[in-house]
Protein chains: 2
Amino acid sequence: MPCTVELVSVGNELLIGKVSNTNAQWLAERVTSLRGRMIRAVLVRDEISEIVEAIRSTLDRHPDFILTTGGLGPTFDDMTLEGIAHALGRPLELNDKALQMIERRGRRLVAEGRRKEFNLTDPMKKMAFLPREAIPLQNPQGSAPGVLLEFGKTRIIAMPGVPHEMKAIFSEYVEPLIIEMSSNLNYFEKSLVVKGLGESSLSPYVDQVMTEFPEVYIKSHPRRSELLGRFIELHMSALCENPIDARSIVEKASLLVFNLISQGGAIVREANEEDVRR
Amino acid sequence: MPCTVELVSVGNELLIGKVSNTNAQWLAERVTSLRGRMIRAVLVRDEISEIVEAIRSTLDRHPDFILTTGGLGPTFDDMTLEGIAHALGRPLELNDKALQMIERRGRRLVAEGRRKEFNLTDPMKKMAFLPREAIPLQNPQGSAPGVLLEFGKTRIIAMPGVPHEMKAIFSEYVEPLIIEMSSNLNYFEKSLVVKGLGESSLSPYVDQVMTEFPEVYIKSHPRRSELLGRFIELHMSALCENPIDARSIVEKASLLVFNLISQGGAIVREANEEDVRR
């Protein structure tokens, strides 16, 4: 089975709609392509009680990974680590390795002429207070280290909210962990374009195909494009344990869809990138 | 106080990163500009147990509104209403008004030549099964009606996931409800651009201003642009009960920020649209 991933995004700016939560989509897409499964994502404010509640209720579902984004910075409203510490019942402690990472980064910025001077102020130091037993993760793009924690079978990875910092830490530290857990799985997806039948009329065919191919998940999306006008995208995917081949199962299911729908009098073909761009 | 809004987005396509949850940002932005407050957003899969759990835990926090998007359509994996019904302990029942809406829409599509024929098939009918005591909301852009439910002091509004359908229903039915609850509030926000000081160095100034102006919420965002290189955006906002004027308080706080930061040797000015575009 695929490893399970839950996401906790922290940040008021996301809840006032000022900023789009592009991190959530990027992570969902990466996790899926690494053959993990994102099963839930929650977005909470920069408030201790909200973060604690989100982490606790997420831990209750025992996912393999909890990823958090945001709230690792130096300001008073960066409180993700405090929230995680509370939720786990562990104290926050000054972590020497994290402190060294912050100092090295500060000195490098001065050496490169990007900062005039480096002082280890209290706000800087704050970023090195991690929950007990946490492992700091080097942030190659910014000051705030990422954080890895283990709690039972769940690994919690706290990442910054700044997208390029988050992506760097995810790629370096989280990807290998997911890949390791997914090494016995293979994934395949494809989309069909259906023109001339509504979602309601397609529904019985989709049911029939999913009954015959229970490994295949099919979802219909009503769409519109300049070229095609209104049409339905049928997105088909399968995640299989080796040696079962997801691609061959999806292709067989796709052929059945094709036959059923063609007989129903509609037009169906494989989707190209143009069709399914958002 | 502002009315509280929680969002429950339903849809596997969002959790595999295939589609960006643009609805969430749009709703967060609209709710904020209507002087409501979105306090939490959760994204769950098309699974009954997940939807039920999300609705229940959201109800436990007693928000004024729970908005849901997605899962109202005719296919087997559209199960938001079933999930809401379970969570509230109410049965799903064929709703005559909803059925009429679906029939009228089907006949109009035929009359306009957009469909060849209209049959009230089971998948079509499924969209008219609503939790007991629900009020269907006309969907001017699609077949699936929206749904309004009251549960204690909370109003639950289920909307389709297709963005233009969701937006039409929100604007027609939800906006007036939020406006009514927010009529005694006024909101103001502005952003400053700070160049030459890092987030850590700014942090004590921000703390000082927020202590002097507790109504004002200030958040710093590290940014980069071609014109400015790296800079910090300070976003300042206040939501006040009349007759207290949010604008005047934010402007006073902004002046204090300006003075503190200028004395600190950095450059600060009001942000323009170019600076804060994402």
Side-chain angles (χ1 to χ4, degrees), chain A residues 7 12-22 24-33 37-46 50 54 57 73-77 114-115 121 123-124 127 142-143 162 189 198-204 206-207 210 217 219-222 230 235 237 276 278, chain B residues 7 11-22 24-33 37-46 50 54 57 73-77 114-115 121 123-124 127 142-143 162 189 198-204 206-207 210 217 219-222 230 235 237 278:
Chain A
L7 174 64
N12 291 4
E13 71 280 12
L14 301 166
L15 282 163
I16 61 173
K18 192 173 147 45
V19 175
S20 166
N21 194 359
T22 55
Q25 188 191 2
W26 189 87
L27 285 168
E29 200 272 326
R30 289 300 300 146
V31 165
T32 305
S33 74
R37 185 167 283 166
M38 191 174 280
I39 52 173
R40 201 171 200 264
V42 63
L43 167 53
V44 298
R45 288 184 295 169
D46 304 293
E50 294 281 330
S57 63
T75 65
F76 76 99
D77 59 351
R114 286 161 62 187
R115 286 282 157 79
T121 56
M124 292 297 273
M127 297 188 285
S143 295
V162 180
E189 62 178 342
E199 240 189 334
S200 308
S201 317
L202 273 176
S203 169
V206 170
D207 288 357
M210 284 180 72
Y217 181 74
K219 182 133 189 175
S220 56
H221 302 286
R230 282 163 192 271
H235 180 255
S237 61
V276 296
R278 290 256 159 183
Chain B
L7 174 64
N12 291 4
E13 72 280 14
L14 301 166
L15 282 162
I16 60 173
K18 193 174 147 41
V19 175
S20 165
N21 194 359
T22 55
Q25 189 192 2
W26 189 87
L27 284 168
E29 200 272 324
R30 290 299 301 146
V31 165
T32 305
S33 74
R37 183 168 285 166
M38 190 175 280
I39 52 174
R40 203 169 197 265
V42 63
L43 167 53
V44 298
R45 287 184 296 168
D46 303 292
E50 294 281 331
S57 63
T75 65
F76 77 99
D77 59 351
R114 287 161 60 186
R115 285 281 158 79
T121 56
M124 295 295 275
M127 298 189 283
S143 295
V162 180
E189 64 179 340
E199 240 189 332
S200 308
S201 317
L202 273 177
S203 168
V206 169
D207 288 357
M210 284 180 72
Y217 181 73
K219 183 133 188 172
S220 56
H221 302 286
R230 283 163 191 270
H235 181 256
S237 61
R278 289 253 160 184

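To find a chain, count down the sequence lines: A is the first, B the second, and so on, and within it residues start at 1. Just the heavy atoms: all of them, side chains too, but no hydrogens, waters or symmetry mates, feed the values below.
- When heavy atoms are compared at a cutoff of 4.5 Å, Arg30(B) does not approach chain A at all.
- Heavy-atom distances place both the backbone and the side chain of Ser200(A) under 4.5 Å from chain B.
- Residue Val31(B) does not touch chain A at all, counting heavy-atom pairs closer than 4.5 Å.
- Between Thr32(A) and Leu15(B), the closest heavy-atom pair is OG1-O, 3.9 Å.
- Heavy atoms of Leu202(B) lying under 4.5 Å from chain A are absent altogether.
- Across all their heavy atoms, Pro222(B) and Val162(A) have their closest contact at CG-CG2, 4.3 Å.
- Chain B forms more heavy-atom pairs under 4.5 Å with one residue of Val44(A), Asn12(A), Leu14(A), Thr22(A) than with any other, namely Asn12(A).
- Residues Ile39(B) and Arg45(A) are in side-chain contact: their nearest non-hydrogen atoms beyond the backbone lie under 4.5 Å apart.
- Note: Arg40(B) leads Glu29(B), Arg40(B), Met38(B) in heavy-atom pairs under 4.5 Å with chain A.
- Closest approach of Ser203(B) to Pro74(A), counting heavy atoms only: OG-O, 4.0 Å.
- Side-chain contact check for Ile16(A) versus Tyr217(B): every heavy-atom pair is 4.5 Å or farther apart.
- Chain B forms the most heavy-atom pairs under 4.5 Å with one residue out of Arg114(A), Glu50(A), Arg37(A), Met127(A), and that residue is Arg114(A).
- Heavy atoms of Leu27(A) lying under 4.5 Å from chain B are absent altogether.
- Per-residue heavy-atom pair counts under 4.5 Å with chain B were compared for Leu7(A), Val42(A), Val206(A), and the maximum is reached by Val42(A).
- With a 4.5 Å cut-off on non-hydrogen atoms, Ala54(A) touches chain B through its backbone and its side chain both.
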*asked:* If you apply the rule side-chain contact (heavy atoms from CB on, under 4.5 Å), what do you find for His235(A) with Glu13(B), and how did you get there?
replied: CA-CA 9 Å; His235(A) 180 255; Glu13(B) 72 280 14; over 6 Å; no
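- Residues Lys18(B) and Lys219(A) have side chains not in contact (no heavy-atom distance under 4.5 Å, counting atoms from C-beta outward).
- Contacts of Thr75(A) with chain B are made by both backbone and side-chain atoms, with heavy-atom separations under 4.5 Å.
- Contact of Asp46(A) with chain B is made through the side chain alone, with heavy-atom distances under 4.5 Å.
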*Verdict with supporting geometry, Asn21(B) and Gln25(A), side-chain contact (heavy atoms from CB on, under 4.5 Å)*: CA-CA 8 Å; Asn21(B) 194 359; Gln25(A) 188 191 2; over 6 Å; no
